[in-house]
Enquirer: 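Okay, here's the structure, questions in a sec.
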Number of protein chains: 2
Amino acid sequence: MRREVTLRDVAELAGVSSRTVSNVVNGYANVTARTKERVQRAVDELGYRPNVLARNLAQGRSGQIAVVVPYLDTPYFAELLQSVIRAARISGYNVLIDQTDGDPEHERGFIAHGSRRLLFDGVIFSPLGLDQQALADRDPALPLVILGERTSDGTFDHIGIDDVAASRQATEHLLDLGRRRVAAIGDQPYATGEAAQLRTRGFRQAHEGRGRPVHEDLIIGTPRFNRPDGARAMAHLLDGENPPDAVFCYSDLVALGAIHAILARGLRVPEDVAVIGYDDIEDGRYSNPTVTTISPDKEWIATTAVERLLLRIGSSTPPPGLELRAPHKLIVRESTTGTISRQ
Amino acid sequence: MRREVTLRDVAELAGVSSRTVSNVVNGYANVTARTKERVQRAVDELGYRPNVLARNLAQGRSGQIAVVVPYLDTPYFAELLQSVIRAARISGYNVLIDQTDGDPEHERGFIAHGSRRLLFDGVIFSPLGLDQQALADRDPALPLVILGERTSDGTFDHIGIDDVAASRQATEHLLDLGRRRVAAIGDQPYATGEAAQLRTRGFRQAHEGRGRPVHEDLIIGTPRFNRPDGARAMAHLLDGENPPDAVFCYSDLVALGAIHAILARGLRVPEDVAVIGYDDIEDGRYSNPTVTTISPDKEWIATTAVERLLLRIGSSTPPPGLELRAPHKLIVRESTTGTISRQ
DNA sequence: ATGAAAGCGCTAACAA
DNA sequence: TTGTTAGCGCTTTCAT
């Protein structure tokens with residue numbers, strides 16, 4: 001294979017120094033129109049294209065950001081990633097994606113001072129297996145933006161919706177429909193289950209606010225927020241002594257699984273059991289019945305995450321870590337109000 | 001910020017040359033147990049970690065592969081990517097992901113001899129906007145594996161299922177249920193629609209094989225294979241003079257959209273219209289009704305793609321381009337046979 | 001505005 | 001088995 005065309009080759013042909021070629025290629029100032037044109041011609045003639053690897057080494061940066069999520073095939077993340085990639089591309093960044101399966105070791109590897117560290121200039125991270133403590137114990141020089149429920153300790157930005165408020169709102173919606181035995185599927189009463197716990201808190205607040213008792217036996221935990229877990233939990237509830245007449249699910253996938261389980265028993269949604277989800281993924285807009293849900297502004301989350309991360313990457317002195325609240329809203333569909341609301 | 005620990009620092013402390021340290025760090029042979037240990041101690045003491053960027057430049061490779069798909073939020077791709085990432089990681093490769101939105105220019109940029117070229121050592125590519133010709137016109141040195149329907153020209157590997165056979169099988173299933181007016185949603189009668197055309201061919205073959213006439217007015221094109229397009233096409237069919245009693249959809253998303261449209265009119269699935277999809281995404285296993293579908297072996301596709309790509313990357317003389325057929329099977333669910341088959 | 005030259009940190013060909 | 005050293009191709013400080 002013949003040698004690649006280098007900057008020096010171009011410089012030689014154009015009769016200038018490599019410094020000047022570099023200036024032209026990178027669009028820096030201080031180049032006469034004449035030299036610029038001469039260089040440009042040489043570039044075209046030789047078919048020169050810069051070697052990214054060399055540039056990376058010289059600059060000490062990779063031009064990549066990493067986005068680390070627990071599961072890629074979760075529609076919520078897939079939809080979010082889509083927007084992140086777009087936003088990053090606009091700023092000239094490539095996106096390295098990895099999924100961790102929620103494995104703490106794997107997650108740690110991404111924020112630790114490891115050998116992969118230089119592969120990306122910053123990380124947008126949605127942790128699942130790492131608690132607050134493990135998060136704090138990381139490469140302090142790594143620009144980091146956290147998605148989901150972890151509180152910022154001031155050294156990174158955190159972006160999420162107000163989970164407590166959103167969950168309260170969701171639960172109130174069910175209570176206001178006159179439902180009396182409202183269940184919750186998705187609680188995770190352990191260190192890494194912060195997000196779930198916030199939702200459970202909102203669930204309780206709604207009951208308090210409406211002066212209704214919380215049915216503790218109707219709060220069900222699930223290891224993950226996916227369809228199978230949702231179906232399993234719902235089946236369990238329906239097998240119980242006093243099955244619920246409404247369910248607040250901690251994700252739309254859980255809701256879809258739950259609905260599947262309800263219908264499988266010949267019961268109706270929402271007549272027998274009303275179901276509300278969380279995330280507003282596209283599935284819920286086309287399912288039968290369509291799913292009432294809490295809709296976070298994913299576009300806002302994605303663009304803000306990229307924006308904040310690039311700002312961090314570009315700053316010599318790290319900006320203070322912010323707590324950012326993304327907008328959200330309740331979207332009412334058939335799974336709580338029936339076909340009446342069909343548009 | 002204090003200087004990073006380099007290979008030389010380690011060498012100095014251990015009293016050996018940097019060459020030896022490099023050998024130890026990379027696990028090469030030819031190192032005495034004693035020197036090895038001495039070096040290792042120095043590494044630990046200084047907290048040395050290799051600079052990937054420098055290594056990349058020196059080796060002329062990036063240790064990354066790119067996976068390029070049209071849409072990240074399509075469950076089929078999300079599920080596939082999941083397996084690709086796992087397989088790549090096992091071999092020590094990072095995965096750079098990008099979506100092209102099917103934009104031909106963008107797609108070309110990934111296989112062209114551009115400046116990003118060195119960012120990845122090879123590409124797994126699912127083209128949408130590029131036809132066969134545009135594919136051939138690329139950086140010949142780029143190791144490439146193509147997914148989906150494009151025939152290999154011998155310079156890259158191509159992996160896909162037998163679309164014609166699978167589509168024939170799907171259509172036969174509908175005909176064998178006694179359906180007479182079988183529609184097809186998803187045809188794309190233009191250069192970049194090869195995959196769709198193969199499916200249409202299988203659709204026709206099934207009719208021929210069963211001695212039934214094809215209803216040309218029931219073959220509907222869609223720009224994309226997503227829920228909205230499926231719903232729209234189905235609505236169009238139902239508005240027609242002779243609505244179908246069965247539909248072969250070119251993806252599960254199309255099927256889910258179609259089912260949505262059918263139910264929205266108060267019709268029943270499968271009693272009034274039987275629906276079959278393609279891809280076997282998780283959505284179809286939990287939807288109501290569950291979706292009969294063609295299930296390609298995604299794990300096989302992903303691991304084979306990575307395997308073939310790495311083989312290409314590792315070969316000085318490129319191996320011949322293979323046509324690889326992934327296994328597939330028909331999975332019968334409620335959308336064609338009703339709740340009878342419910343398990 | 002442009003040139004000369006010293007790195008960036010690692011790998012690997014060549015020697016010893 | 002280990003050391004020496006010349007790159008890899010670009011960026012960037014310091015001169016001019």
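Per chain, numbering begins at 1; letters A, B, ... match sequence-line order.
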Enquirer: Once salt bridge (Lys or Arg N to Asp or Glu O under 4.0 Å) is applied, do any residues pair with A:Glu79, and if so which ones, sequence neighbours excluded?
Expert: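 In terms of salt bridge (Lys or Arg N to Asp or Glu O under 4.0 Å), with neighbours along the sequence ignored, A:Glu79 is linked to A:Lys298.
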Enquirer: Assess the pair A:Phe120 and A:Phe110: is the distance between their ring centroids shorter than 6.0 Å?
Expert: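 Close enough - the centres of the two rings lie under 6.0 Å apart.
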Enquirer: D:dT12, D:dT2, C:dT2: which one has an atom nearest the side-chain heavy atoms of A:Val31?
Expert: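 Among D:dT12, D:dT2, C:dT2, the one nearest the side chain of A:Val31 is C:dT2.
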Enquirer: Would you kindly give the CG-to-C1' distance between B:Leu118 and D:dG9, to the nearest whole Å?
Expert: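 So the two atoms are 10 Å apart, to the nearest Å.
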Enquirer: What about B:Arg34, does its side chain sit under 3.5 Å from the base of D:dT1 through a donor-acceptor pair?
Expert: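 Flag unset: no donor-acceptor pair detected.
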Enquirer: Atom CZ of B:Arg8 and atom C1' of C:dT11: how far apart are they, to the nearest Å?
Expert: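 After rounding, the reported distance stands at 13 Å.
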Enquirer: Any idea which of C:dG3, C:dC14, D:dG9 is nearest the A:Val16 side chain?
Expert: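 Closest nucleotide among those given: C:dG3.
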Enquirer: Can you pull out the residues from residues 49-65 of chain B that lie within a 4.0 Å heavy-atom distance of DNA chain C?
Expert: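 Close to the strand are B:Pro50, B:Asn51, B:Ala54, B:Arg55, B:Ala58, B:Gln59.
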Enquirer: Looking at B:Arg325, I'd like to know if its CZ atom is crowded, meaning that more than 12 non-hydrogen atoms belonging to other residues, nucleotides or ligands lie closer than 6.0 Å.
Expert: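 More than 12 within 6.0 Å, yes.
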Enquirer: Can you tell which of D:dT11, D:dT2, C:dT11 lies closest to the side chain of B:Asn26?
Expert: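 Minimum distance to the B:Asn26 side chain belongs to C:dT11.
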Enquirer: Let me check the geometry of the helix from C:dA1-D:dT16 to C:dA16-D:dT1. What is the bend angle between the axes at its two ends, five pairs each, to 10°?
Expert: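 Computed from the C1' atoms at both ends, the axes differ by 30°.
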Enquirer: Report the distance from atom CG of B:Leu46 to atom C1' of C:dG9, rounded to the nearest whole Å.
Expert: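 My rounded result for the distance is 15 Å.
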Enquirer: Keeping to residues at least two apart or across chains, list the salt bridge (charged side-chain N to carboxylate O under 4.0 Å, His left out) pairs with something in residues 43-56 of chain A.
Expert: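 Sorted result for residues 43-56 of chain A: A:Glu4-A:Arg49.
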Enquirer: Look at the side-chain N and O atoms of B:Thr20 and state whether any lies under 4.0 Å from the OP1 or OP2 oxygen of D:dT2.
Expert: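 No.
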Enquirer: Which donor-acceptor pairs under 3.5 Å do the side chains of residues 314-324 of chain B make with protein atoms, sequence neighbours left out?
Expert:
residue  : atom : partner  : partner atom : Å
B:Ser315 : OG   : B:Leu311 : O            : 2.5
B:Glu323 : OE1  : B:His158 : ND1          : 2.7
B:Glu323 : OE2  : B:Ser152 : N            : 2.6

Enquirer: With a cut-off of under 6.0 Å to the ring centre and 45° to the axis, is B:Arg224 in cation-pi contact with B:Tyr71?
Expert: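 Pair B:Arg224/B:Tyr71 counts as cation-pi.
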Enquirer: How close or far is atom C1' of D:dA15 from atom CZ of A:Arg19, stated in whole angstroms?
Expert: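 Rounded to the whole Å, the gap is 11 Å.
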Enquirer: Checking B:Ser91 side chain against B:Tyr93 main chain: does a donor-acceptor pair fall under 3.5 Å?
Expert: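 The answer is no, because no donor-acceptor pair under 3.5 Å joins these two groups.
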Enquirer: From the list D:dT2, C:dG9, C:dT2, which nucleotide is the closest neighbour of the side chain of A:Thr32?
Expert: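 From the listed options, C:dT2 comes nearest.
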Enquirer: Whole angstroms only, please: what is the CG-P distance between A:Leu7 and C:dT2?
Expert: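 Computing the A:Leu7:CG to C:dT2:P distance gives 15 Å.
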Enquirer: Answer yes or no: is there a donor N or O on one side and an acceptor on the other, between the side chain of B:Gln99 and the main chain of B:Leu72, under 3.5 Å?
Expert: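 Yes; judged by distance alone, with no hydrogens or angles, the pair exists.
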Enquirer: Could you check which of D:dC10, D:dG3, C:dG9 has an atom nearest any side-chain atom of B:Thr6?
Expert: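 Nucleotide nearest to B:Thr6's side chain: C:dG9.
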Enquirer: Can you pull out every salt bridge (charged side-chain N to carboxylate O under 4.0 Å, His left out) where at least one residue sits in residues 108-117 of chain A? Sequence neighbours excluded, please.
Expert: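 Sorted result for residues 108-117 of chain A: A:Asp98-A:Arg116, A:Glu105-A:Arg108, A:Arg117-A:Asp139.
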